[in-house]
Amino acid sequence: MNGTTTPLLAGTGLRKTYGATPALVDATICVRAGEVLAVMGPSGSGKSTLLHCLAGIVAPDAGRIVYDGRELTAMSDRERSALRRREFGFVFQFGQLVPELTCLENVALPLRLDGLKRREAERRAAGWLDRLEVADVADKRPGEVSGGQGQRVAVARALVHQPRVVFADEPTGALDSLNGERVMRLLTRATREAGAAVVLVTHETRVAAYSDREIVVRDGTSHDAELVA
Amino acid sequence: MSIGQAFLGLLESHPRHGYDLKRAYDERFGQDRPLHYGQVYATLSRLLKNGLVEVDSIEPGEGPERKCYAITAAGVTDVERWLANPEKPDLYLQNTLYTKVVIALLTGRGAAEILDTQRAEHLRLMRDLTRRKTDGDLADQLICDYGLFHLEADLRWLELTAARLDELTREVRS
Amino acid sequence: MIARWIRDLILGARLSRAGGRDGRVRMAMTAVGVGIGVAMLLAASSIPAMLQARHDRTAARDYQMYGDTPMAKSDRTLLVTEADTEFRGITVRGRLLQPDGPHAPVPPGLATLPRPGEMVVSPALAALLSAPDGALLRPRLPDRIVGSIGDRGLAGPREYAFYLGSDQLTADSNAHRIDHFGDRNVGDAFSPMLALLIVIIFVVLLLPIGMFIAAAIRFGDERRDRRLAALRLVGADSRMVRRIAAGEALVAAGLGLLAGALFFLVGIQFVEGVTLTDISVFTSDVRPDAVFATLVALAVPAAAVGITVLAMSRAVIEPLGVVRRSGGTRRRLWWRLAPPAVGLALLYPLVGQVGRSTARANPFQVAGGAVLLLISVAVILPWLIEAVVRRLGGGGVAWQLAVRRLQLSSGTAARIVNGVAVAVAGGIALQMLFSAAAASNSIPTGQDITRAQVEAGFDRATGPAIAAEAGARFRATPGVRSVLSFAELTGTDPKAPAPSEGMAPTFPIYVADCRTLAELAAIDRCADGDAFLVARAAGDPFKGATPGPGERVRVGSVEWTVPPSARPAEPKPDSLARTASGVYATPSAAGVAALREPSVRTFLRVDQAKPDVYEYVRNTAFAIDPAMYVTVLQGTRASSQFITIQRGLFIGLVVTLLMIGASLLVSTLEQLQERRRLLAALVAVGAQRATLGWSVLWQTAVPVLLGLGLAVVAGAGLGAVLLAMVGEPVRFDWWNVSGIAGTAAAVVLVVTGLSLPVLWRLVRPDGLRTE
């Protein structure tokens, strides 16, 4: 890890206010290709907002976000959607799987959103379910599987289109230790194999221990030592 | 242990007599193990010898407890260095970590930085353990998990303490 | 037992206030929804009283036109004639009045009779005449306005009417002599056909309103259930929870009743400003039927409790959440076929029984059968949607999302669409009945509207030369391309034996110039002074045979000799004359100028592209004779009463559909709100708004299409049965069906369109925030 490699994704001087509540005051962060970066901090510190900004889900009020040489903050909503569809993957704490689709269809969703044929999308999706050891729930609906299985399905969905960055917001937040560990192990192993970077928002140190590096957000402020260099 | 740095921290706000120092230390950090006078004066003389404190004034009368000690510039630097350096993650760290947090708050430094530094250090060890765990067999996993949970407990306790003390300081200062 | 019930109901009522912002919003939505429904019901129940009041007033200002003997002139009599006109689609009721003496009757709403050249007009007409828009009407009504017709003399507040004083009327020129206003002979009994129609109209319009109220009561159900789950957690048992929910529903229904009364009272203040197909209504006429209003006040809360308890029996509220009993068991078809079967069984015995002149059918049997047939749409639809959706697959992401959602909860979809489907089914049945009624009441003119677009005419006591005069004035009217004007007289054969029925056989005499005569009959050559004879053909409405040349006939009070030089001619197949047979004479033919009392008939070809061309024609007509009729010709002409009812029905249906659309919107928005986190997550994954929008559209469109399909089948079935009942041939009017179904589809599209902005707002990334 040396500071000379250009970061894949970098945000500087990010500021975001929801109504009268400042969520981000001055946040700086960078993500290098293939690394697992933990974003830590107490609840309400602005971790999730920082993740949303970086992923192009939320436009910051001020600051710059550069992904792979392109300025995210200057893109249109359509371009950012396309970017999220093709280059980013997402795992949230809960409520991300479409309850009426089967697990397999859920995993195939990003590919289909990007225009891939259903058959091919579901073939690839099945491969990922297998890698995350949840091939047996492929035809079940999210409501019929356990929390740990659901979260692994979500991880499969985040990886199915081979993104370069996976954003994980408290991916183990709703799981017990054992299932949490399992999801983290599979998530980091799969992303390392795929060479994808992970931005891992968590308040649990044990989960953060799966990262290569961490930055701390406190009261909407974060500094990334790597970027200062 | 870090009685010396604790004394320096306590002296930073204002000069104190040796007896004062012992009482302040016992109140905040001593719990049920108050310092012996011998320990107090041995520490103070070591600090004096290293130039970290100086005798500010001597009140008339006999005995070392009549001396009033003040921190020197070197002493302040020493406190800063101590606070900035993380402790080696270890079991039963709480005494030192707690002392650090309190001293930082007392001397007007934020507890957050200490925490961040310490967390980084803890995380480094936890990463090692995690890596060993993911590569190792079940026995390795169990052993590593033991360490991981303890380290995590340390950090969580520390975080909670800092949050509470922060609250307290705000209350005191307001 | 009772005490516990009451206690729980009261607790529910109290909770409904304590439900927080969420609960209050839900309560308000239900109250407004129920309120709208109740207001509609009250409005519907006011219709009989409204019609009666209107009927009473119009009967009071009418007069008996057909007496056995003409009334003798006295100082208590009045001459009156119709001078109705039309202005840009508005019907203006006009009467010319001429008192015979100081005690002549005064029409209702007037203080005194207008003097010659003075007008008393309705407020709406006064406003129109003084507005720039009315400038083209003014030449027809140039007289001085001396007063305003009171409400007592008007059918409705926006009616256009005038009374014009005259001194030109004579009893033999189409004016009637009367000694009082008020026609006692105006029947108030509905014909059996009309009675049947009214029963069906009520069923068709009120059933969807009922379903709308039912839907309104279930607004925000799911959130309520979650609140109740919290009550289960602190120890309420499932029965208590049900009663508490019922208590809440009761409060909502009560508020809804109040809101409904309020909406109704506020709404009728505006009713006078509304005109539907020439009909406007006085606020004071809108009086709900007391029995019906009481029934509504009792039924709505009862329905609220019933629906809530029934809906909750399908959802199990556990302390930790709500489990819906869905999926798993498939819906069964067999019992759903019972309502249509029973409905048909009720209606079938009536087939052919409701002849137009025979006694009316038992209205309860008709209504019961119709209700059951319509309800069967709502009963079968859930099964149909489930059965179809289960087989759906393929398609893009939006389609997949929609289909899967429907597969998981087709019941919700069915519930939403039921109202639309029932309304459409009823509408189709009614339209079929109406088309049949209109078809049997429409008048085929048999005339080619490419040859003439306007027919005008009047009767005059003068000689037949007036026809040429009128033709010349029309020719000078802007927009008129060509004019065909002739006088028509009726001749009687004086030698004919006095017929037993009291009417001697007659034949027509047409008087016009050669060019015009050539249009009426096949005439080889013609010069002024010529006359022609066309022999009577079988089927002519005139019973009299055409007289021979030189034969003496009677024309009104004049004796006339058919010119001996009259030549035979052939009938012309596409003649504009009423009959082919008769005498055709030029004005200077012997003795023609001495004939009296012709009917002048004028056919005009106009430039239809010229704006207001018909108004110019009417102005000319009015100048020639205020009592002249002007008819715009159409291929067929439905009886205007039916057109009015048909349009009214269509408007009622649209209003009903809009209401259902509103409830559709509410539940769509509710669903979106519930799924906001999921939607936000989908957007995070990179789904485009369009994809989500399409999925919402499909999700609504698929059940709606199925619902409409079923509605068409059920509506056509009911329509066919009703037609069979009144003994009409069953005809299926695709045009009407597609009109109704299209309107319903448009409502759904609008609803989806309206929900999109909310969708866009929901998928804003804030939705991902957990706080």
Side-chain angles (χ1 to χ4, degrees), chain A residues 1 25-29 35-47 132-133 171-172 176-193 198 200-226 228, chain B residues 84 86-87 89-91 93 97 101 104 109-138 140-167 169-170:
Chain A
M1 275 187 229
V25 177
D26 174 24
T28 293
I29 185 172
E35 77 170 338
V36 180
L37 174 69
V39 178
M40 304 197 66
S43 41
S45 61
K47 301 186 296 281
L132 286 153
E133 303 168 11
T172 62
D176 61 67
S177 311
L178 186 61
N179 273 302
E181 294 284 341
R182 197 162 175 201
V183 164
M184 282 314 298
R185 191 164 49 79
L186 289 166
L187 171 67
T188 46
R189 192 178 72 192
T191 48
R192 282 185 211 285
E193 281 168 10
V198 179
L200 173 65
V201 165
T202 181
H203 69 279
E204 284 180 277
T205 340
R206 227 159 10 85
V207 173
Y210 282 89
S211 68
D212 301 319
R213 197 164 70 80
E214 81 282 345
I215 72 156
V216 178
V217 188
R218 206 175 280 282
D219 298 329
T221 313
S222 75
H223 299 286
D224 196 327
E226 301 282 334
V228 177
Chain B
E87 297 295 315
D90 201 352
L91 306 185
L93 265 175
L97 287 177
V101 169
R109 299 173 173 95
E113 287 75 20
I114 297 178
L115 207 61
D116 289 349
T117 324
Q118 192 57 48
R119 178 171 28 224
E121 192 58 23
H122 266 64
L123 262 175
R124 192 155 37 232
L125 185 57
M126 287 174 79
R127 279 198 190 100
D128 285 343
L129 289 172
T130 304
R131 211 164 294 136
R132 242 160 67 200
K133 183 174 80 173
T134 34
D135 299 337
D137 58 13
L138 186 61
D140 280 337
Q141 281 180 26
L142 292 177
I143 290 163
C144 290
D145 274 339
Y146 181 83
L148 281 166
F149 277 110
H150 273 91
L151 288 167
E152 190 192 21
D154 275 354
L155 276 174
R156 282 167 77 167
W157 170 78
L158 200 58
E159 207 145 332
L160 191 67
T161 310
R164 284 197 181 141
L165 285 176
D166 264 340
E167 241 169 68
T169 345
R170 261 199 302 280

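Letters go in sequence order (proteins before strands), and every chain restarts at 1.
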Does any heavy atom of chain B fall under 4.5 Å from the side chain of [X], the backbone, both, or neither of them?
| X | answer |
| --- | --- |
| A:S211 | both |
| A:M184 | neither |
| A:R206 | both |

For B:R156, all residues meeting side chain to side chain donor-acceptor pair (under 3.5 Å), sequence neighbours excluded: none

Could you tell me which residues satisfy side chain to side chain donor-acceptor pair (under 3.5 Å) with A:D176, sequence neighbours excluded, listed by chain and number? A:N179

Hey, which residues of residues 126-134 of chain B are touching chain A, say heavy atoms under 4.5 Å apart? B:M126, B:R127, B:T130, B:K133, B:T134

Among all residues two or more places apart in sequence or in another chain, which pass the salt bridge (charged side-chain N to carboxylate O under 4.0 Å, His left out) test with A:R185? none

Beyond-backbone contact of A:V216 with B:R119, side-chain heavy atoms, under 4.5 angstrom: yes

